[in-house]
Amino acid sequence: MHRRLTAPGALAAASVLLAIPASAASGSPGAPGIGDPYYPAYGNGGYDVSHYDLRLKYRPATDELEGTATILAKTTQDLSRFDLDFLLDVSEVRVDGAVAAFATSGEHELVVTPKKTLAEGAQVTVVVRYRGVPSSKQAYGFTSWHRTPDGGVGANEPEAAWWWFPSNDHPLDKATYDVSVQVPDGTQALSNGTLQSTSSRAGWTRFNWRSGKPQATYLATLAVGRFDLTTGTTESGIPVVNAYSRDLGDNAGAARASVERTGEIADWLSGYLGPYPFDALGGYVPNTNTGYALETQTRPFYSPRQFAGGSNTSVVVHELAHQWYGDFVSVAGWKDIWLNEGFARYAQWLWSEHEDEGTAREIADYVYASHPADDAFWTVKPGDPGPENQFGIAVYDRGALAVQALRDEIGDEAFFAVLKGWPREHAYGNATVSEFVRYAERVSGRQLGALFDAWLFQPSKPAASTARTAAAAKAAAAPAQPKSWRKIAATNDVHAH
């Protein structure tokens with residue numbers, strides 16, 4: 001879940017055209033975009049990152065961040081220069097130990113020119129030294145850095161890294177991470193994965209976090225502030241670290257009552273989705289004024305507003321389901337967002353069944369009946385919604401209806417085999433909607449092209465499934481609102497901004 005106000009396609013496309021020269025004497029420049037049609041300037045070409053080592057120092061009082069990023073990558077072409085996605089002020093760049101020239105370009109590009117062309121297939125080490133005030137930086141008219149009364153938070157989708165570390169910012173280029181953050185004593189620094197160590201010296205404390213499994217850049221997070229931390233383990237033995245800002249006010253109790261069930265919910269989800277795919281778990285609730293939540297890998301971000309109406313485990317279910325559908329298997333392109341949001345929403349419907357507050361079938365019937373055929377809801381195509389509707393409610397609710405339609409079509413045995421098998425099929429990688437369709441056809445032995453076309457790609461209301469028709473025939477009136485609906489609908493704020 002995310003924040004997105006504008007689709008910077010036109011500006012980004014212009015940046016791409018301006019940044020690519022007609023020719024290069026030796027080697028050629030890496031493309032300033034990875035090739036995603038929704039966001040042409042996001043990510044970069046010419047290299048693939050394997051690891052980010054980020055050594056940072058942050059001053060909460062001034063929001064000043066300074067850092068040294070060491071990036072390990074492999075070139076995918078003879079490379080005369082390359083781009084990183086970044087916004088803060090850079091003082092030095094080195095490539096394989098040698099000082100490299102650098103310049104900024106477009107809205108968020110750092111263009112690096114090494115002293116000599118990098119050969120295709122070379123292992124390369126890039127070191128970037130930088131500093132700046134993240135909250136002072138904007139790109140395309142927005143910021144993904146959230147200032148808090150006691151610090152700051154980097155968390156957003158589809159972009160957040162630019163504000164705190166240089167990167168190849170697209171889900172196609174996953175990497176492992178070491179994040180070491182120095183903050184004033186009495187303040188905590190949170191990131192993804194496991195806390196390896198802490199140390200204190202001269203009024204500063206350093207927190208060292210490690211993410212040992214491949215992670216997309218937008219799923220990396222940094223949060224600095226004064227937190228109350230709780231620790232534990234799931235029944236399956238996964239360590240859990242949760243964190244809550246100390247100034248959440250009236251939302252504090254509801255936030256804890258929800259997020260403290262993270263281990264229980266993850267164990268429950270593993271029954272549907274397979275073993276939990278990472279070695280750490282948790283969630284954090286900083287005192288931000290944002291409205292959304294985000295599936296930051298191993299440690300989801302929650303806005304306090306998610307709990308303004310009381311405890312809400314449904315939003316925790318949604319973000320934890322993303323650990324499989326979105327994090328373990330990530331989108332190949334942003335048009336494939338249904339693979340994330342449709343299934344995370346459907347997990348909320350399954351949780352409703354678990355809590356005896358309405359079955360997935362009952363929720364599907366209610367959603368289907370709630371949108372007449374002329375509702376604009378049906379004009380959004382979850383399988384390719386366009387950047388302007390990428391996080392619209394139809395991607396979530398119509399997307400979940402598509403998942404229910406698949407279940408109706410192939411039956412529970414095949415459906416739950418698909419639900420559990422798909423993350424394993426593309427473990428720690430990326431995938432497309434068309435690949436999912438082929439996988440579901442292989443597992444079920446059914447031709448499903450027409451079904452998915454109707455539910456994901458046609459700008460009109462699909463015909464009701466046989467199961468829906470049978471249920472409607474038994475009912476004298478429109479489907480009743482399920483007990484869980486208000487809790488599920490309350491999570492709609494996670495994609496409003």
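Just so it is clear, the model here is predicted, and its values are computed rather than measured.
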### Task
Would you check if the distance from the ring center of Y428 to the ring center of F328 is below 6.0 Å?
yes

### Message
To the closest 0.5 Å, what do you measure between CG (L448) and CD1 (I410)?
### Response
6.5 Å

#### Entry: Closest non-hydrogen atom pair, A223 against V153
CB-CG2, 4.0 Å

#### Entry: Validation row: R299, W209 side chains within 4.5 angstrom (heavy atoms)
yes

### Query
Any side-chain heavy atom of F165 within less than 4.5 Å of one from V179?
no

### Query
With distance as the sole criterion, is a donor-acceptor pair present between the side chains of N208 and D178 under 3.5 Å?
no

### Closest non-hydrogen atom pair between S245 and N287, with its separation
OG-N, 2.9 Å

### Task
For the pair L65 and L56, evaluate side-chain contact (heavy atoms from CB on, under 4.5 Å) and give the outcome as yes or no after the intermediate values.
CA-CA 7 Å; L65 177 70; L56 311 173; 4.0 Å; yes

### Task
Give a yes or no on whether a salt bridge exists between E357 and K487, defined as a side-chain N under 4.0 angstrom from a carboxylate O.
yes

### Query
In Å and rounded to the nearest 0.5 Å, what is the CD1 to CD distance from I363 to Q348?
9.0 Å

### Query
Only one of L419, L339, N340 forms a side-chain contact (heavy atoms from CB on, under 4.5 Å) with Y325, so which one is it?
L419

#### Entry: Cation over ring face, K461 and Y368, 6.0 Å, 45°
yes

### Message
Do D53 and Y177 pair up side chain to side chain, a donor and an acceptor below 3.5 Å, judged on atom types alone?
### Response
no

### Message
With no hydrogens and no angle check, just 3.5 Å: does a side-chain donor-acceptor pair link S180 and Q182?
### Response
no

### Check: T143 main-chain N/O paired with K137 side-chain donor or acceptor under 3.5 Å
no

### Query
Roughly how far apart are S311 OG and N251 CG, rounded to 0.5 Å?
11.5 Å

#### Entry: Within-4.5 Å side-chain heavy-atom neighbours: I337 and E157
yes

### Query
In terms of the angle between their ring planes, are Y346 and F415 parallel, tilted or perpendicular, with boundaries placed at 30° and 60°?
perpendicular

### Task
Search all heavy atoms of V433 against all heavy atoms of D336 and return the closest pair with its distance.
N-OD1, 3.1 Å

### Message
Using modelled atom types and a 3.5 Å cut-off, is there a donor and acceptor pairing between side-chain atoms of E341 and backbone atoms of Y396?
### Response
no

### Task
Would you confirm whether Q323, through its side chain, and T298, through its main-chain N or O, come within 3.5 Å as a donor-acceptor pair?
yes

### Task
Keeping the roles fixed (side chain from R407, backbone from D412), state whether a donor-acceptor pair exists under 3.5 Å.
no

### Query
Are F307 and S258 side-chain neighbours, meaning at least one heavy-atom pair lies under 4.5 Å?
yes

### Query
Do the non-hydrogen side-chain atoms of Y284 and T296 ever get within less than 4.5 Å of each other?
yes

### Query
Does CG belonging to D250 count more than 12 external heavy atoms closer than 6.0 Å?
no

#### Entry: ring-ring contact (aromatic ring centres under 6.0 Å, His included) contacts touching residues 218-263 (sequence neighbours left out)
Y218-W334

## Note on the structure
dist T234:OG1 -> Y276:OH (nearest 0.5 Å) comes out at 9.0 Å

### Message
Check whether D173 reaches the backbone of N168 with its side chain - one donor and one acceptor, N or O, closer than 3.5 Å.
### Response
no

#### Entry: Exercise: identify the closest heavy-atom pair between S135 and D63
OG-OD2, 2.5 Å

### Query
Under the side-chain contact (heavy atoms from CB on, under 4.5 Å) criterion, do W485 and V367 qualify, and how do the steps go?
CA-CA 10 Å; W485 183 250; V367 172; 3.5 Å; yes

### Query
Can you tell me if R424 uses its side chain to pair, donor with acceptor, with the backbone of G274 under 3.5 Å?
no

### Query
Taking everything shown except R486 itself, do over 12 heavy atoms lie less than 6.0 Å from its CZ?
no

### Query
Are the side chain of R261 and the backbone of T313 linked by a donor-acceptor contact shorter than 3.5 Å?
no

### Query
Can the ring centroids of F343 and F436 be said to lie less than 6.0 angstrom from one another?
yes

### Query
Any side-chain donor-acceptor pair under 3.5 Å between S236 and D267?
yes

## Note on the structure
For R345 and I393 the tightest heavy-atom approach is NH2-CD1, 3.5 Å

### Message
Determine whether a donor-acceptor pair (N or O, by modelled atom type, separation under 3.5 Å) exists between the side chain of D85 and the backbone of D169.
### Response
yes

### Task
Before giving the answer on side-chain contact (heavy atoms from CB on, under 4.5 Å), spell out for E362 and Y366 the whole-Å C-alpha distance, their side-chain angles and the decisive distance to 0.1 Å.
CA-CA 6 Å; E362 290 168 343; Y366 179 76; over 6 Å; no

### Query
Which atom pair, heavy atoms only, marks the closest approach of G263 to L281?
CA-CD2, 4.1 Å

### Task
Report yes if some heavy atom in the side chain of P275 is under 4.5 Å from a heavy atom in the side chain of S270; otherwise report no.
no

### Task
Give the C-alpha distance, both sets of side-chain angles, the deciding distance and a yes or no for side chain to side chain donor-acceptor pair (under 3.5 Å) between S352 and S484.
CA-CA 6 Å; S352 174; S484 62; 2.6 Å; yes

### Query
Just by distance, do the side chain of S144 and the backbone of E159 share a donor-acceptor pair under 3.5 Å?
yes

### Summary
Rounded to the nearest 0.5 Å, the NZ atom of K335 sits from the CG atom of D384 at a distance of 5.5 Å

### Query
Can you find a pair of side-chain heavy atoms, one from R256 and one from D228, that are under 4.5 Å apart?
yes

### Message
When you compare the side chain of T187 with that of T205, does any pair of heavy atoms fall below 4.5 Å?
### Response
no

### Message
Please tell me whether E260 and T230 have a donor and an acceptor in their side chains that are separated by less than 3.5 angstrom.
### Response
yes

### Message
Taking D356 first and then K483, would you say they form a salt bridge - that is, a charged N and a carboxylate O separated by under 4.0 Å?
### Response
no

### Message
Checking side-chain polar atoms at under 3.5 Å, does Q215 have a donor or acceptor matched by the opposite partner on D327?
### Response
no

### side-chain contact (heavy atoms from CB on, under 4.5 Å) evaluation trace for Q390 with V395
CA-CA 7 Å; Q390 183 182 348; V395 173; over 6 Å; no

### Task
Measure from the side-chain N and O atoms of Q297 to the backbone N and O of P214, and report whether any donor-acceptor pair falls under 3.5 Å.
yes

### Query
Roughly how far apart are L87 CG and W145 CH2, rounded to 0.5 Å?
12.5 Å

### Query
Can you check whether Y292 and H146 have ring centres sitting under 6.0 Å from each other?
yes

### Message
Classify the ring geometry of Y42 against H108: parallel below 30°, tilted from 30° to 60°, perpendicular beyond 60°.
### Response
perpendicular

### Task
Would you sort out whether W163 and N156 count as a side chain to side chain donor-acceptor pair (under 3.5 Å), showing the intermediate values?
CA-CA 10 Å; W163 283 263; N156 214 340; over 6 Å; no

